[in-house]
Amino acid sequence: MPNSRGEAPATGRSTYIRFIFPPWIEYNLLTDVCKTNYTTPEFTPGFCGNAKECCVASPSSSTASPVASVVSALSGSFNPSHVNPYTSTSTFTEDCDIRLASDDPLMVELHLSGGVLFQDYIGIYFSLTVDPRFKIRVGSGILKSMVVSVVNCDPTPYDSWPASSDYPVMCGVYEGFLIHVTAPECFDDIEVSECGVTANTALDENNLPKNVLNAADTAWSPAIRMGKGWNDHLRFDFRTNTRITKVKVVLKSNSKKPSKVSIQVSNSDVSWTTVVTAEFPENGEIIISPAQETRYVRLVMDEYEEDGTNELAAAIRQVTWVGCFVPKVSSNLSCKEDTTKISTELRQYRHVAYDAFNEIFYFCDVNPKDYGLKCYGNIAGSNNFIEVPGSVTSIAGYSAAKGRMFFIDSNGNLISSIDGKSMTSHLGMTSTDITDMNPATVIPGLGANMASVNIEDYMVDFQGIQFKGKQIISWSPCCTQP
């Protein structure tokens with residue numbers, strides 16, 4: 001009896017099924033599992049005469065079926081286009097012989113080393129690894145995916161088929177089965193390093209932004225300011241592209257409570273986009289919908305509940321961002337410089353000094369637009385104000401011996417002036433080289449009950465600056481005349 005074209009010859013030529021996967025699905029030879037009912041047949045030695053007759057191999061021990069097809073199963077669910085003769089996966093006891101088709105992990109081959117007879121019905125039960133190379137965007141939902149298979153074999157030549165002696169040849173058509181891959185939204189707590197959280201201001205060294213990263217009884221508190229437009233905020237650097245879906249904020253008791261907040265995102269740390277503006281919720285959880293992918297995010301306190309005393313500081317005890325890193329690993333990129341202005345630090349926050357020889361009162365305060373320091377001078381006893389050059393970043397102090405005020409410029413160099421306009425450079429010198437330096441005095445943002453500072457005829461407090469009892473400057477916002 002002539003052999004069927006798909007059956008194994010007595011020499012035991014192999015048949016294999018090639019599986020071709022989409023880029024987000026792989027069969028991992030180390031971790032995935034494949035079981036089959038296929039067993040290697042015992043071959044009967046014999047003689048093939050004129051290539052039209054041959055001693056046939058005994059069929060495998062798999063369940064016989066008149067269907068000449070290979071059935072693939074994924075997670076126990078068979079391709080519905082074929083008849084399923086199995087009632088459970090207990091039939092699948094043999095390990096599959098699966099090999100990479102090439103260096104490309106998107107193609108593997110299931111080798112059936114004893115060949116396949118037309119009367120064989122072979123079942124395969126296997127697992128697949130989904131998205132090991134992070135090809136699918138998190139939160140994209142259900143992705144319809146096609147796995148394609150084709151049978152290749154070394155058939156017994158019959159009636160001039162196959163025409164070529166090159167083996168193997170394709171012994172069937174390409175078939176595919178559909179897999180629904182789910183890419184759900186992510187809701188993990190995101191790890192942020194201490195260097196990755198900064199703020200526009202901080203009350204003092206005990207109320208720094210990094211305090212919001214733990215559950216201890218500490219907090220971040222911004223400097224207390226009068227008026228609106230200061231937009232106190234925390235800035236987080238995830239140091240990699242990160243998908244955020246929610247933020248959880250815990251306030252410290254007996255603190256000034258935000259009434260309205262917003263969330264801003266940026267990948268440059270320069271240009272920011274507001275994605276959420278909301279009333280501050282009672283439970284402190286703010287949903288970000290749609291989810292955002294960003295490296296940087298800011299939590300902005302747009303408005304606070306009324307505090308008529310100006311003595312109560314806001315206090316954020318803990319902030320937890322929810323989502324995941326995309327890709328799903330943290331980054332080792334370096335954090336940027338911490339630009340938080342600590343209100344008790346002289347060169348970072350509001351401070352004053354008096355030039356007694358030239359009778360000019362100098363003061364610097366935070367600019368609410370960029371939180372850099374802007375400095376001015378007032379000619380004592382007048383309404384004349386001097387805008388100190390923008391290259392000045394802080395006041396160092398006054399030297400009576402030299403009869404001039406010393407400043408620090410944007411390059412960290414010591415400079416000085418007798419009129420607040422023309423500057424003299426002192427390259428190579430530092431403040432310690434001026435032996436009679438009377439350093440500037442910091443005016444912290446500690447609230448209306450903080451102590452006032454008196455210098456000659458000037459008095460400086462939480463409200464602003466007075467000259468001989470008359471208010472000449474208000475700190476709300478920096479630095480307006482009454």
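Atom set for the values below is all heavy atoms of this structure, side chains included, hydrogens, waters and symmetry mates excluded. This structure is a prediction, so every number in the text was calculated from the model and none was measured.
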Any donor-acceptor pair under 3.5 Å linking the side chain of [X] with the backbone of [Y]?
| X | Y | value |
| --- | --- | --- |
| Ser149 | Phe19 | no |
| Asp461 | Gln463 | yes |
| Thr340 | Thr201 | no |
| Ser145 | Leu143 | yes |
| Thr182 | Ile142 | no |

For [X] and [Y], test the side chains for any donor-to-acceptor distance below 3.5 angstrom and give the result as yes or no.
| X | Y | result |
| --- | --- | --- |
| Asp32 | Thr129 | yes |
| Ser394 | His351 | no |
| Asp302 | Ser262 | yes |

Only one of Leu427, Asp433, Thr424, Ile408 clears side-chain contact (heavy atoms from CB on, under 4.5 Å) with Leu414; which?
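Filter result, single survivor: Ile408.
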Verdict with supporting geometry, Thr393 and Asp409, side-chain contact (heavy atoms from CB on, under 4.5 Å)
CA-CA 5 Å; Thr393 59; Asp409 70 10; 5.8 Å; no
Above 12 or not: heavy atoms from other molecules or residues under 6.0 Å from [atom1] of [X]?
| X | atom1 | value |
| --- | --- | --- |
| Asn254 | CG | no |
| Lys402 | NZ | no |
| Phe187 | CZ | yes |
| Lys257 | NZ | yes |
| Lys341 | NZ | yes |

Under 6.0 Å from the ring centre and within 45 degrees of the ring axis: does the NZ or CZ of Lys256 meet both conditions for the six-membered ring of Tyr304?
yes
Grab the two heavy atoms, one from [X] and one from [Y], that are nearest each other, plus how far apart they are.
| X | Y | answer |
| --- | --- | --- |
| Ile20 | Met107 | CG1-CG, 3.9 Å |
| Cys375 | Val392 | SG-CG1, 4.1 Å |
| Ala314 | Pro222 | O-CD, 3.6 Å |
| Val212 | Trp220 | CG1-CB, 3.7 Å |
| Tyr27 | Ser127 | CD1-O, 3.3 Å |

Do [X] and [Y] come close enough that some side-chain heavy atom pair is under 4.5 Å?
| X | Y | result |
| --- | --- | --- |
| Asn231 | Pro368 | no |
| Asn378 | Ile360 | no |
| Phe407 | Ser417 | yes |
| Tyr376 | Lys374 | yes |
| Ile179 | Val147 | yes |
| Phe462 | Ile224 | yes |

May I ask you to decide whether Asp232 forms a salt bridge with Arg225, counting only side-chain N to carboxylate O separations under 4.0 Å?
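Answer for the salt bridge query: no.
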N-O pairing of Lys248 and Glu285 below 4.0 Å
no
For Asp97, give me all partners under side chain to side chain donor-acceptor pair (under 3.5 Å), at least two apart in sequence or on another chain.
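Once residues adjacent in sequence are excluded, the partners of Asp97 under the side chain to side chain donor-acceptor pair (under 3.5 Å) criterion are Arg99.
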Using atom types as modelled, flag every donor-acceptor pair under 3.5 Å from a side chain in residues 438-456 to any protein atom, sequence neighbours excluded.
none

Looking at residues at least two apart in the chain, or sitting in another chain, which of them share a ring pair (Phe, Tyr, Trp, His ring centres under 6.0 Å) with Tyr398?
none
Residues forming a ring pair (Phe, Tyr, Trp, His ring centres under 6.0 Å) with Phe280, sequence neighbours excluded
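Checked Phe280 against ring pair (Phe, Tyr, Trp, His ring centres under 6.0 Å); zero matches.
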Would you list the pairs meeting side-chain hydrogen bond (donor to acceptor under 3.5 Å, both in side chains) in which at least one residue belongs to residues 292-301, sequence neighbours left out?
Arg137-Glu293, Asp237-Arg295, Asn241-Glu293, Arg243-Glu293, Gln264-Arg298, Tyr296-Lys336
Take the angle between the ring planes of Phe385 and Phe363 and call it parallel below 30°, perpendicular above 60°, tilted in between.
perpendicular
What pairs meet the ring pair (Phe, Tyr, Trp, His ring centres under 6.0 Å) rule with one or both residues in residues 427-459, with sequence neighbours excluded?
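Qualifying pairs, neighbours excluded: Tyr354-Tyr458, Phe361-Tyr458, Tyr458-Phe467.
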Take His180 and Lys144 through the test side-chain contact (heavy atoms from CB on, under 4.5 Å) and record every step on the way to the result.
CA-CA 5 Å; His180 283 181; Lys144 294 183 178 180; 3.8 Å; yes
